[in-house]
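Have a look at the structure below before the remarks.
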Amino acid sequence: MDQSPYNPLEIEVRVQARWDSQKTYEVTEDTDKEKFYCLSMLPYPSGALHMGHVRNYTIGDVISRYQRMLGKNVLQPMGWDAFGLPAENAAIKHNTAPAKWTYANIEHMRKQLQRLGFAYDWSREFATCSPDYYRWEQLMFTRLMDKGLAYRKDSEVNWDPVDQTVLANEQVIDGRGWRSGAVVERRNIPQWFLRITDYADELLSGLDDLDEWPEAVKTMQRNWIGRSEGAQFGMQVCDANGRIAEGASSVEVFTTRPDTAFGMTYAVLAPEHPLVMEVTSEAQRQQVEEFIRTAGLASEADRTSAEGTLDKRGVNTGAFLYNPFTSKPVPLYIADYVLMGYGTGAIMAVPGQDQRDWDFAMAHDLPIVRTVKVPDGWEGEAYVEDGVAINSDWLDGLGVAEAKEKAMAWLESEGIGERKVNFRLRDWGVSRQRYWGCPIPVIYCPDCGALPVPEDQLPVVLPEDVTFMGVQSPIKADPEWRKTTCPKCGVDAERETDTFDTFMESSWYFARYCSPGADAMVDERANYWLPVDQYIGGIEHAILHLMYFRFYHKLMRDAGMLKADEPATRLLCQGMVVAETFRRDNADGSTSWLNPADVEIRRDEKGKIIGAKLLSDGLPVEIGAIEKMSKSKNNGVDPVHLVERYGADTVRLFSMFASPPDQSLEWSDSGVEGAFRFLRRLWFMSTGHIAAGAVEALDVSSLDAEQKTLRRHVHDTIAKVSDDIGRRQTFNTAIAAVMELTNHLGRYEDRSPQSRAVLDEAWKAIVRLMAPITPHVCETLWEMLGETGSVVNTAWPGVDEAARERDMITLVIQVNGKLRARVELAPGSDKENAMIAAMAEPNVTRHTDGKTIRKVIHIADKLLNIVAT
RNA sequence: GCCCAAGUGGUGGAAUUGGUAGACACGCUAUCUUGAGGGGGUAGUGACGGAAGUCGUGCCGGUUCGAGUCCGGCCUUGGGCACCA
């Protein structure tokens, strides 16, 4: 048999056509098999696949293919997060409709994904902009309205006064509208919210059970939820002498440090606090009104001092509050360092124990009382650490924890206050004043108010064939679209013209994949597949998407649709794809960023990079920082070009080999070349073995030492690769282990019948070990090795533990912790025998002669350390 | 400012439980092969040193027979939060 050259393009097209025609990756529920649901975050159809996608989806594909070879029923779906602002921008730019642009992108990107050979069940594919998808989201929302979990309240938006439209945060550039250039205003308009705060406690405690989620993600979510325990209590308005008038108002404050209440020297209301104007004295009225007008206007950057703290601006209201702990009045201020959106919008200020209060007290000449004893030599300002209570009457002498407890118990027994838990987490605002999104299914009746669209009128379909002017949403501009009648009383009514935040669609797509075609949001099939066994996506989604995803799953669970408590058991967040940048600073002060493909690197004779030049003009360019691939830095590498040149297997191999999945991956053209070289070598070596003809049966008992060593290496490699892919998810070291074994095979020259039998075992192992990573070439080699059936459906190679046993082990000999010799010993040798072998080594005795051996540490079959002085 | 990662050859990275630092790959050097280009083979490649050897995982200190790994302090880079009482 002749050896043909490695021709990846020919191989890949042929193999993919077969997978396609045999529907290899389509799956159904099968209770006889263990299921495995592997999900990669669905892409936004921006137009073309980038390296970040390739990396994300290759990781998911490797895990899926590995799990399938373990015999599991593996679901790996793919779809499109199709709503969103970029489609509106593109529609304006290209004078088309957002829907048309989006569908064209999906067509294009689907082909690109298919060219990479990912094992997706395409029969489950959907785009989130399809009415068949979003109708269930609308139905769910109406149910949430019924349950009171969706509600409407006023909220601030960015308003462009020229374009007469709401702007997303990213459309506001330096305080101005991105198109009109007009100064953006803040406006309060009614918007819909989901009560995620009702689930704050469960979202927090649930993190403790997510053992296979990265700590970094869990920490970020914990901080975002921001649970804090403390006390809330009322303080009555009083006069300067502490006298409380009949029917005086009371101000509720929240504190995590009730133990410090004796050190309260003033109190503060947020500028938006409803009691501000009521309590403000006549004398202070003008100042307070002036402050409220200007509060929050100055940008944060302008108000930040060199030390990084914000100015503590505020003004005295002239009113006093009665401190129930001391029975004395404290002056009441308003200040913008107190936020209306957290706690009660009012605080007791204790400058001795809170740095913000300290800063404010210093700026406004307010007294400072320490209520926790500071350590000797303390030179700081506010003291927030643990310590003994002082100046606190009946709390004196207690530690912070005990004092807190006693203060809270006192507040409760006196009926002044109660224990209270507050969260930083806010309810999820889901209204967007955009066109290209799922219409919010609500009808406003002049008599009945806001009503959910009845189920039989769903879906509320977003018209797709629109002329998109960019100034305003077509459904807001169209007076006809919104016209409807009240489902309750039948009078003329109007539809909501806002659409949902696109995070809504990505919060439940994982469940819809499990119930294709269901005449409901999901059906029973979802409980077969869920929870997701492995979820893969970018760390940039650590907070928002992954929080909403968990929240929405709980909403679906509580609606009786799903059984599990959490949507995904294991999470892997892949790192960024980065590349070198090249720049030229132009004479006019601007910078040109040059693509790596157009630049040649220059090195010295040790291979160290000493410069770079542009290929087109031969003149030098500056080497910039290594940064995330982006259009702005022109350092992107197009995966499609690489696939055309080297094949999908090479691109997949390099992206898995260059670094572990959770670290950033530095792109390198020569690294891609190296991956290609490895596959070509694999091809030539294994087809060479095949060309040498049939192989006789392996007889393990007849192997000589070298054959045994080779076979041991094969089974050590199988064990390592299994562990690296399955448990550690360090695909780079798995590949390195296969490369090492391949190098061993290359050096192995004996072609006796039993050697060829061992080599045959080795090649069949390698082809299966590499199959999840480079499936096309492995599929082809598997056939050529004379195996029937697709490697996709073949069992993962098993480890023969007997083959891994060693006749001799290498024991490392140290003297005083320094390596001095290595000796070959039978495994299981005891300390005495190890010592005899060690003392026979001249390099050891040279370092022990004339010294007393104080101690010998022996780690069986590993190491002997002789301590001699 | 607070919280979380990370820092190892010329480069990407390996060292999984405290036990041989630098696997694997890139790059580079020499050499062979080829008409050339390309590709491939072989050998070498942490630093210093002729060698024996010594030093070496951001810096300073500690624990230990033994530290890249653990502890304390600091520096740098990346990420998150950012007046949340």
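Applying the 90° criterion around 0 to the glycosidic angle, B:G9 comes out syn.
Checked against the 6.0 Å centroid threshold, A:Tyr337 and A:Phe360 count as a close aromatic pair.
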Got a list of protein N/O to nucleotides 35-38 of chain B N/O distances below 3.5 Å?
none

Output a table of nitrogen or oxygen pairs between the protein and nucleotides 4-11 of chain B separated by less than 3.5 Å.
none

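A:Thr730 is linked by a side chain to side chain contact (heavy atoms under 4.5 Å, CB included) to A:Asp724, A:Arg728, A:Asn732, A:Thr733, counting only residues two or more places apart in sequence or in another chain. In this view, A:Ser155 and A:Gln191, A:Phe193 satisfy the side chain to side chain contact (heavy atoms under 4.5 Å, CB included) rule, not counting sequence neighbours. Scored by the side chain to side chain contact (heavy atoms under 4.5 Å, CB included) test, A:Ala361 finds A:Tyr266, A:Pro351, A:Leu366, A:Ile368 as partners (sequence neighbours excluded). Contacts of A:Glu381 classified as salt bridge (Lys or Arg N to Asp or Glu O under 4.0 Å), with partners at least two apart in sequence or in another chain: none. With sequence neighbours left out, A:Phe676 forms a ring-ring contact (aromatic ring centres under 6.0 Å, His included) with A:Tyr6, A:Tyr646.
For A:Ile347, counting side-chain heavy atoms from C-beta on, the closest listed nucleotide (B:G12, B:A14, B:A85) is B:A85.
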Criterion side chain to side chain contact (heavy atoms under 4.5 Å, CB included) on A:Thr717 and A:Glu740, from CA distance to verdict: CA-CA 9 Å; A:Thr717 303; A:Glu740 234 178 306; over 6 Å; no
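Within residues 845-853 of chain A, the residues approaching RNA chain B are A:Arg846, by heavy-atom distance under 4.0 Å.
For A:Ser659 and A:Trp224, each mapped to the nucleotide of RNA chain B holding its nearest heavy atom, the one lying further toward the 5' end belongs to A:Ser659. Heavy-atom distances to RNA chain B give each of A:Met576 and A:Arg426 a nearest nucleotide, and the one nearer the 5′ end belongs to A:Met576.
In this structure, OG1 in A:Thr581 is found 8.0 Å from CD1 in A:Ile626, a value given to the nearest 0.5 Å.
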Would you be so kind as to tabulate the donor-acceptor pairs closer than 3.5 Å made by side chains of residues 538-548 of chain A, with sequence neighbours excluded?
| from | atom 1 | to | atom 2 | distance (Å) |
| --- | --- | --- | --- | --- |
| A:His545 | NE2 | A:Tyr535 | OH | 2.7 |

Only pairs under 3.5 Å count here: list side-chain donor-acceptor contacts from residues 851-858 of chain A, not counting sequence neighbours, and write none if there are none.
| from | atom 1 | to | atom 2 | distance (Å) |
| --- | --- | --- | --- | --- |
| A:Arg854 | NE | A:Thr869 | OG1 | 2.6 |
| A:Arg854 | NH2 | A:Thr869 | OG1 | 3.3 |

Under 4.0 Å protein heavy-atom contact, by nucleotide of nucleotides 69-77 of chain B - B base, S sugar-phosphate only: ---------
Base versus backbone protein contacts along nucleotides 15-25 of chain B [heavy-atom cut-off under 4.0 Å; B, S, -]: SB--BB--BBS
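In terms of phosphate contacts, A:Arg424 brings a side-chain nitrogen or oxygen within less than 4.0 Å of OP1 or OP2 of B:A82.
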